[in-house]
Amino acid sequence: MEGHSVTRVALLACGSFNPITNMHLRMFELARDHLEDTVGNYRVVKGIISPVGDGYKKKGLIEACHRVEMARLATESSDWITVDAWESLQPEWVETAKVVRHHYQKLAAVEQNNDDVDTVKFAKKRRIEENCHQGSSHQRSRDSPQLMLLCGADVLESFGVPNLWKQEDIAEIVGRFGLICITRCGNEPQKFIHQSDALWKHRKNIHVVHEWVTNDISATHVRRALRRGRSVRYLLPDAVVHYIQDHELYSAESEQKNADVILAPLQRYAGASSS
Amino acid sequence: MATCRIPLVLLACGSFNPITNQHMRLFELARDHMHRTGQYQVVGGIVSPVSDGYGKQGLVLAQHRVAMAKLALQSSDWVTVDEWESRQPDWTETAVTMRYHYGQILQKYKKTTGTLMDSNGNTTFISSPSPQLKLLCGADFLDTFKTPGLWLDEHVEEVAGRFGLVCVSRGGLQPELAVHESDTLSRHQQNIFLVREWVRNETSATEVRRALRRGASVKYLIPDSVIEYIHQHNLYTEDSERRNKGTVLRPLAKQAQKPVNSLDD
């Protein structure tokens, strides 16, 4: 209510989205609920899906144009989650920290004309922070929203993989921006944070959301099912299922793409690191 | 060349309180599995929501559960919702429901003289085997056969023996164990098809109701049209969850008079 300061925040998810699944979409919903209800002093104004570029060279990664389009189809019914193709259009792989910076700047730039997407669902029973909108003259020149990286626990734990991340990038993501991490069964993000000085230092910026109801729809599983001619209906939005069928994506052949190629970050950092 | 597959209809009985993506996945997984056996051609799927007489805690009115299931399955070209069970004045035993639907299926396929056509337009000749109806369920359902008073022995025999089960497992449940632990089920092992869902998906109607009570999002767990319906009718609140609290589940009450044979063979 009065004097209750609410931080506006946008969520950015980077990844292959190869293909996007209901699980990816659930991550956004869980993150938003967590920040707005459990943590309480946030209002999530936007969700951004940023599919990785083809330059990432991950095995089985199909063309970015398809992955972007599938994500667009998947988010058509969402009033707050959007897809941004910027990263996918870059010729070379772009470090996640750069992508975060890019989107932070973009959000700041459109701030003046920004109509916040109304993320209030009409049946939610939580208190509606309408006060934020009412009359205050400072609304137009308010700070741009905070931007947090949204990810699964596997991404958090990938911080420990040699040559996959630059230390200063990790520091920037958790220090300057923030991380919200959805745990799937079997991962121990809190323990991982505890064991890393770099992460521990910014633990207040790292939100861990427990997904009590395991929903393990991995894109890997979906691709496997498709290769074997099995139904993936109800694991992905219908529009995405149709798109995959229409374009005959995901075959044994497509899964072999980049099979002999080294993942871009490993290639880039392996030379630089002297371990 | 016509491979003389047995035309098969899958029937799912349950509360569907509400229907979820996971329910609809069951049909997809079951169909894929039964096709791969080489013996069956799945020609239809039926969702049969239980009647209000079931008395389960938190059960909202059948008219809503049926409406939501219809919305969810609008886009399906082979699974439909059937209201017969939900309209019966009292709770109906699963075996009785199966008998009803089997009668319907036999009639339906008799009408098409000469050929049988499934939803994909594939035709098989009438000299092919008569259609079958199997009960589609999750692995937790198999465990209910063990609950004293919930099932009549002769009904378990009928469901497993005469009709057959297609049971989809997920998470940590072991349907093989449930079959093994029951003499009746073991006897009809060849008529019990176990399908494994490798994706661990614990989404359940219970979890969906819990999330709705707490104002949390259920998007991507159930179809948007069902979410909208729920909000329009303000279903699934703390009040709705208390419905039937303390009431004895109807099958237990109805079958209490009859001798209960322990299934702990």
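Chain letters run A, B, ... following the sequence lines, proteins first, then strands; residues in each count from 1.
The side chain to side chain donor-acceptor pair (under 3.5 Å) test applied to R243(B) returns no partner, not counting sequence neighbours. Remark: F163(B) pairs with Y102(B) by the ring pair (Phe, Tyr, Trp, His ring centres under 6.0 Å) rule, at least two apart or across chains. With sequence neighbours excluded, no residue forms a ring pair (Phe, Tyr, Trp, His ring centres under 6.0 Å) with H34(A).
Using a 4.5 Å cut-off between heavy atoms, S218(A) does not touch chain B at all. For a residue to count as touching a neighbouring chain, one of its non-hydrogen atoms must lie under 4.5 Å from one of that chain's; by this rule S76(B) touches chain A with backbone and side chain alike. Proximity to chain A (any heavy atom under 4.5 Å) is shown, for R210(B), by neither the backbone nor the side chain.
Summarising the local packing, CD of E253(A) is surrounded by 12 or fewer heavy atoms from other residues, nucleotides or ligands at distances under 6.0 Å. Heavy atoms of other residues, nucleotides or ligands lying less than 6.0 angstrom from NZ of K58(A) number 12 at most.
Interatomic distance, CG of L235(A) versus CE of M24(B), reported as 11.0 Å (0.5 Å rounding). For the atom pair Y220(B) OH and N22(A) CG, the distance stands at 8.5 Å (nearest 0.5 Å).
Close approach to chain A, defined as a heavy atom under 4.5 Å from one of its heavy atoms, is seen in R25(B), E28(B), D32(B) of residues 25-35 of chain B, taken by number.
In this structure, a donor-acceptor pair under 3.5 Å is present between the side chains of S77(A) and K219(B).
When all heavy atoms of S217(B) and D33(A) are compared, the closest pair comes out as N-OD2, 2.6 Å.
A heavy-atom distance below 4.5 Å is found between the side chains of L221(B) and R26(A).
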